[in-house]
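Structure first, commentary second.
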There are 6 protein chains.
Amino acid sequence: MKRLLITGAAGNLGAQMRTRLAHLADTVRLSDRGDMGQAGPNEETVPCDLGDRQAVEDLVKGCDGIVHFGGQANEAPWSTIRNANLDGVYNLYEACRLHGCNRVVFASSNHATGYYKQDEVIDNSVYPRPDGLYGVSKVFGEMMASLYHDKFGIETASIRIGSSFPEPRNHRMLYTWLSYDDLARLIERIFDVPKLGCPVIYGASANDQTFWDNSRIAWLGWRPQDNSAAWKEKLDAEVEKPAADAPDVVYQGGMFTADGIHQE
Amino acid sequence: MKRLLITGAAGNLGAQMRTRLAHLADTVRLSDRGDMGQAGPNEETVPCDLGDRQAVEDLVKGCDGIVHFGGQANEAPWSTIRNANLDGVYNLYEACRLHGCNRVVFASSNHATGYYKQDEVIDNSVYPRPDGLYGVSKVFGEMMASLYHDKFGIETASIRIGSSFPEPRNHRMLYTWLSYDDLARLIERIFDVPKLGCPVIYGASANDQTFWDNSRIAWLGWRPQDNSAAWKEKLDAEVEKPAADAPDVVYQGGMFTADGIHQE
Amino acid sequence: MKRLLITGAAGNLGAQMRTRLAHLADTVRLSDRGDMGQAGPNEETVPCDLGDRQAVEDLVKGCDGIVHFGGQANEAPWSTIRNANLDGVYNLYEACRLHGCNRVVFASSNHATGYYKQDEVIDNSVYPRPDGLYGVSKVFGEMMASLYHDKFGIETASIRIGSSFPEPRNHRMLYTWLSYDDLARLIERIFDVPKLGCPVIYGASANDQTFWDNSRIAWLGWRPQDNSAAWKEKLDAEVEKPAADAPDVVYQGGMFTADGIHQE
Amino acid sequence: MKRLLITGAAGNLGAQMRTRLAHLADTVRLSDRGDMGQAGPNEETVPCDLGDRQAVEDLVKGCDGIVHFGGQANEAPWSTIRNANLDGVYNLYEACRLHGCNRVVFASSNHATGYYKQDEVIDNSVYPRPDGLYGVSKVFGEMMASLYHDKFGIETASIRIGSSFPEPRNHRMLYTWLSYDDLARLIERIFDVPKLGCPVIYGASANDQTFWDNSRIAWLGWRPQDNSAAWKEKLDAEVEKPAADAPDVVYQGGMFTADGIHQE
Amino acid sequence: MKRLLITGAAGNLGAQMRTRLAHLADTVRLSDRGDMGQAGPNEETVPCDLGDRQAVEDLVKGCDGIVHFGGQANEAPWSTIRNANLDGVYNLYEACRLHGCNRVVFASSNHATGYYKQDEVIDNSVYPRPDGLYGVSKVFGEMMASLYHDKFGIETASIRIGSSFPEPRNHRMLYTWLSYDDLARLIERIFDVPKLGCPVIYGASANDQTFWDNSRIAWLGWRPQDNSAAWKEKLDAEVEKPAADAPDVVYQGGMFTADGIHQE
Amino acid sequence: MKRLLITGAAGNLGAQMRTRLAHLADTVRLSDRGDMGQAGPNEETVPCDLGDRQAVEDLVKGCDGIVHFGGQANEAPWSTIRNANLDGVYNLYEACRLHGCNRVVFASSNHATGYYKQDEVIDNSVYPRPDGLYGVSKVFGEMMASLYHDKFGIETASIRIGSSFPEPRNHRMLYTWLSYDDLARLIERIFDVPKLGCPVIYGASANDQTFWDNSRIAWLGWRPQDNSAAWKEKLDAEVEKPAADAPDVVYQGGMFTADGIHQE
């Protein structure tokens with residue numbers, strides 16, 4: 001690629017992927033509302049509010065691919081969610097359509113299906129069951145991806161990201177943990193295949209414990225390498241195991257299911 | 001029921017259902033931004049803009065059930081869709097949650113799955129494939145229904161309405177036609193069952209030609225009585241049959257799939 | 001058939017089927033521990049305790065087919081269930097094996113799958129979920145049927161009988177009602193087909209409301225004719241509708257799921 | 001249509017459909033190697049050997065649609081099957097490709113799946129299990145239909161015809177019987193839909209007993225009206241019921257499964 | 001756990017697991033009718049006949065978890081099976097209910113589904129097909145587990161144990177072999193997860209050859225480590241390969257399917 | 001085995017397997033129309049035209065097993081395909097039937113299902129979608145295998161061979177590559193199992209990228225060892241990546257789908 005855009009570059013995943021994905025394009029364009037630090041050798045930084053349609057058009061113009069981490073990454077009041085994750089995604093896809101950017105990685109979330117139980121194994125064909133306004137907004141994004149693919153041929157991989165941190169922090173993350181390296185490997189595969197289509201992918205490492213089944217995207221060739229089990233002993237020693245009826249044990253979405261509707 | 005709210009009462013379906021559903025409640029509260037005419041014997045009219053959260057709360061308060069036809073019922077620019085179908089639905093469910101209204105009929109649409117092909121038979125478990133911003137907004141509504149059911153126990157039946165008119169108007173409607181009487185029968189069933197849950201239902205009459213399979217909601221006991229085939233001869237005589245590659249023949253969503261993104 | 005044995009002939013279904021099935025055999029042998037009344041023209045009555053292996057052998061000898069209504073037909077303490085429904089079924093199949101009786105109608109019950117929810121539509125391939133010791137004993141009977149078919153070629157139709165009464169008595173029976181005539185039609189089909197195999201069949205009339213799917217036994221050619229909907233208006237008027245969280249509304253097995261373990 | 005070609009016009013189905021389908025086209029071209037009798041008002045007769053490629057090209061030229069009953073309609077030695085059903089079908093599809101005939105009804109057969117058991121209900125997605133060289137040749141025809149659809153856009157409906165006779169002649173035909181009128185209705189539907197694709201359809205009337213499931217082609221709108229059950233009593237009286245292990249009772253393909261390989 | 005009960009402690013699996021599971025509880029209570037040898041450091045031995053309800057209550061009281069290997073572990077006459085595996089399991093679950101023991105490992109068996117063919121791959125959702133009275137009794141146990149879970153919340157993992165020996169002894173065991181270490185790892189997982197539910201698990205090592213699919217319990221996180229293929233060469237050299245139609249080759253349950261009904 | 005026949009021995013796969021499979025039989029009989037070179041120690045060469053029925057009978061007589069690589073291995077005009085792959089296969093199975101050769105490896109091809117998309121994962125139960133006359137002929141062969149199994153008990157493994165070369169030559173082969181060693185291992189398994197039945201197997205190595213799912217033949221115990229990913233870097237460097245809409249990227253069958261019908 002000539003130019004790859006990473007939105008949400010000041011966030012955790014943006015920062016982690018910025019270096020790991022540098023080899024994918026001649027120039028990596030980084031964008032965020034927050035501080036992205038110094039631009040590196042083949043980087044350029046473009047501050048942008050995703051709610052500003054014109055700014056998003058300018059941002060996307062000239063890019064061959066997008067990794068969209070931007071937007072609200074947690075439960076929040078409706079207006080926050082709406083502006084960042086509904087308006088933002090609408091602006092992004094309109095910009096893609098107008099400026100011919102045809103491949104997008106959309107950071108969806110396990111919270112798009114968070115009300116499935118932990119003792120169910122689900123694949124990417126299930127009807128979504130979001131666990132909050134944030135989860136609803138992620139399904140909205142997947143639907144926009146589907147629409148712009150069916151109507152305009154823009155290809156998106158929606159990754160329902162589990163828990164992407166340096167290591168799993170609690171027992172639920174033994175299921176949902178996604179190492180940074182495995183995420184980077186996945187994004188590499190997404191930009192490598194000549195034809196992507198519009199797949200939904202569960203973003204988790206090769207964990208011993210799993211309630212997600214990616215067999216329907218075996219054609220993508222992503223083989224995660226890391227395994228949360230390496231931290232199990234440490235977690236058992238340091239973190240109290242939740243009760244059998246704790247949301248973190250019952251539902252795939254964990255504590256998000258216990259949350260109310262955030263008010264302004 | 002003591003009081004049933006029908007939103008979108010000035011629209012086509014609202015007007016048709018207003019009389020057919022009158023027996024379901026002591027009082028039928030009608031609401032719209034437009035002219036709803038004179039209130040009948042057990043009716044009350046409450047003009048309301050669904051984008052006004054406080055007004056929606058006032059509207060919902062005191063109602064036992066809602067038939068939600070309100071909102072934007074066709075493709076439109078993003079801001080129109082967002083205000084009517086995203087903000088509007090958010091406001092509606094928040095009002096339900098706050099005022100204990102626990103049963104909703106949500107007028108979803110076949111355009112939530114409009115990019116499925118007409119030679120595929122789909123049931124209500126498929127992953128949605130909306131055919132426009134309008135279709136995306138209907139999936140959003142279904143997701144809000146799912147969320148408020150899983151989190152707060154509010155029950156919604158999402159009816160993916162086909163084409164509800166006095167009679168089928170073109171060849172595609174031989175598949176999608178839903179008679180007013182069959183729609184009324186469906187809503188009666190929805191308010192009759194003691195426990196509803198949160199089902200998705202394809203809203204079509206007992207047409208000879210169909211690409212929708214409602215067998216997973218057989219427990220609801222809805223048996224549509226009408227059949228578009230009664231109009232086939234007339235249609236064949238009066239309406240030109242579309243070409244084999246016309247959107248109206250290829251996709252379940254018909255001409256919506258041929259539409260672009262409406263701009264303001 | 002030369003001789004058809006009906007066990008449990010003093011019970012409700014035995015009494016109803018006794019006359020309706022009279023044409024199926026030259027002689028109908030009736031058996032029960034209780035009073036079966038006077039033997040009719042082509043009937044013979046043979047009192048028998050199903051727990052007595054030798055008596056069961058004598059009972060079965062010379063019969064070409066069996067309709068097995070005998071045993072405990074309701075929740076009961078373990079020893080009652082065990083003697084009537086475990087020992088009894090063991091004795092019956094051993095007698096069939098020893099005396100070459102190769103076709104059996106086994107009165108299984110909807111309580112073999114009573115913990116499935118009423119808003120799930122299940123077919124005959126599901127893993128059982130019994131709702132009491134009685135339900136467990138019915139699965140035991142189905143398993144004995146399966147075993148004696150696979151090992152010895154004895155053919156059994158296990159009918160998971162819903163609610164077989166003159167008319168539906170409560171709202172749950174709108175789903176589960178099986179008219180006597182439809183039951184008789186089903187048994188006629190079972191003895192008519194040259195090859196039966198070992199099917200499981202949900203025993204319900206052609207009710208508008210249903211949570212059972214018999215499509216996998218369409219080859220049997222049973223077409224029930226009656227419909228509980230004919231009684232709906234009467235039921236609505238006379239019987240209080242249960243609450244949304246009542247066992248009779250939540251689970252297919254209804255009130256059985258609310259029962260404890262009966263003690264001696 | 002301007003011109004509809006019916007091959008195998010001298011055979012049973014050809015003769016029956018010739019009149020019933022007359023209204024579908026201005027001219028019905030009839031073809032066979034055998035005697036087709038006098039051409040009627042809007043008919044023309046063109047004798048043709050399907051194994052003669054040039055003759056088949058001449059036959060197909062100028063036709064808008066084809067109902068292909070021609071070829072070997074029963075088990076036969078390999079060379080007979082090959083010439084009539086392999087060469088013949090190859091010639092037919094090549095002629096369609098070269099002369100732009102884009103819609104074909106292919107008379108496939110239940111013997112394409114004849115080794116499925118009668119107590120299995122199969123739909124049109126199953127892997128074929130032919131019961132003789134004839135059945136293999138019918139799968140070959142379905143594959144050619146699939147190929148010429150995927151590669152050249154020629155649309156074919158492959159009807160796996162059951163037993164199409166004036167009335168069912170034995171107990172197996174209670175399952176497989178297809179009335180001439182229902183067959184004609186099906187062919188009408190096939191030529192009515194603007195877009196056909198390449199469906200496989202089980203050709204049986206609305207018989208009480210069935211082991212075929214056409215639910216995946218519900219979009220076609222074919223509703224058979226006749227029912228073999230009307231002849232059951234007569235059949236029971238006049239035809240001996242086969243034994244439980246007779247091929248006519250065990251396998252869907254009936255006696256064909258008991259046949260050997262025919263030698264020249 | 002404070003106290004883990006292992007029944008059948010004098011049997012093969014009881015003896016093997018006794019040491020391997022010692023770390024799971026402060027005290028391991030061992031029970032059997034036979035000789036369990038000397039109690040080790042954190043062990044206590046409690047002789048018990050499972051058919052004695054009061055004795056079983058005393059046995060279970062004070063235990064947090066149970067590994068139930070007790071009962072009849074092979075085909076046997078009905079009365080033996082009934083007393084050990086029906087009465088015994090009833091007594092066990094009643095004791096759990098009365099004394100609050102909420103997690104059970106039930107040693108079910110591959111003979112619960114023994115009549116499935118070896119060239120079918122089955123998962124844990126299939127309808128059982130037991131291959132003897134022993135197999136029927138194992139389904140009975142699974143049903144009791146299901147019942148006590150749905151009704152009382154007692155959690156059971158039913159392990160359909162394959163062939164648990166030091167090494168595979170014949171060619172069928174290349175499929176069914178379960179190493180002692182893999183069994184111990186499985187039981188560790190079962191007691192480790194905060195919420196177990198009531199899963200059915202096929203108990204086999206990571207053998208190259210398998211007809212069992214555990215993908216639906218991937219959430220449990222059990223990863224067997226051993227592989228029967230390590231013994232294949234040795235078996236091929238030392239054990240005669242069975243004929244193609246031998247029960248040990250045709251059915252998953254192997255020689256059990258060739259057995260008759262054992263008489264007293 | 002006493003004698004194993006390998007047809008197509010002068011071809012690529014024949015030559016590769018000739019040595020790798022030598023240990024499977026006392027004598028390996030090699031056959032082809034072309035030059036097979038010098039017979040090795042336990043080899044015998046028998047030139048044969050597969051279209052000559054008597055010659056094929058002589059060839060098969062005395063063989064215990066067959067690996068059938070013979071016939072036309074690429075798209076070709078109809079008469080070539082027919083003679084080599086239809087007549088040839090008919091002759092082969094007739095010879096097997098007449099001379100009691102009961103186990104066959106049939107070299108089917110991925111072109112039997114070549115019109116499935118590369119972003120679909122298919123298993124061996126799908127309805128075939130051949131991508132040319134060659135692919136149709138391979139389905140024909142699978143059907144003959146099915147027929148001779150159901151009717152005469154002759155067992156065949158149909159391997160839908162991907163791309164069997166020393167190494168993958170283009171990007172599509174990253175999916176379809178089958179190493180010679182993995183093919184040999186597969187054939188070893190096929191001749192090792194006492195009962196084979198008639199499975200269809202996708203022939204591909206353990207490649208990172210795959211659109212084929214062999215889980216339904218897990219019972220066979222074939223574990224491929226090689227992985228096309230080892231050549232990915234080299235391929236990326238040396239071979240131009242095809243465009244997103246290139247047949248080699250869209251369809252599983254690759255360039256075959258872009259081919260027309262070959263004329264004589």
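In what follows, chains carry the letters A, B, and so on, assigned in the order in which the sequence lines appear, proteins first and then strands, with residues in each chain numbered from 1.
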Margin query: Taking CD in E/E240 as the centre, count heavy atoms belonging to other residues, nucleotides or ligands within less than 6.0 Å. Is the count above 12?
Written below: no

If you count every heavy atom of other residues, nucleotides or ligands that lies below 6.0 Å from F/K117 atom NZ, does the total exceed 12? no

Residue pair F/K195, E/D119: steps toward the side chain to side chain contact (heavy atoms under 4.5 Å, CB included) verdict | CA-CA 9 Å; F/K195 184 168 186 291; E/D119 60 2; 4.0 Å; yes

The ring-ring contact (aromatic ring centres under 6.0 Å, His included) partners of E/Y127 (sequence neighbours excluded) come to none

Residues 210-238 of chain E vs chain F, non-hydrogen distance cutoff under 4.5 Å, contacting residues -> E/T210, E/F211, E/K232, E/D236

Across all chains, not counting sequence neighbours, the side-chain hydrogen bond (donor to acceptor under 3.5 Å, both in side chains) partners of E/T156 are E/Y93

Among residues 181-193 of chain F, those lying within the under-4.5 Å heavy-atom range of chain E are F/R189, F/D192, F/V193

Closest non-hydrogen contact found for E/P242 with F/P194 is O-CB, 3.6 Å

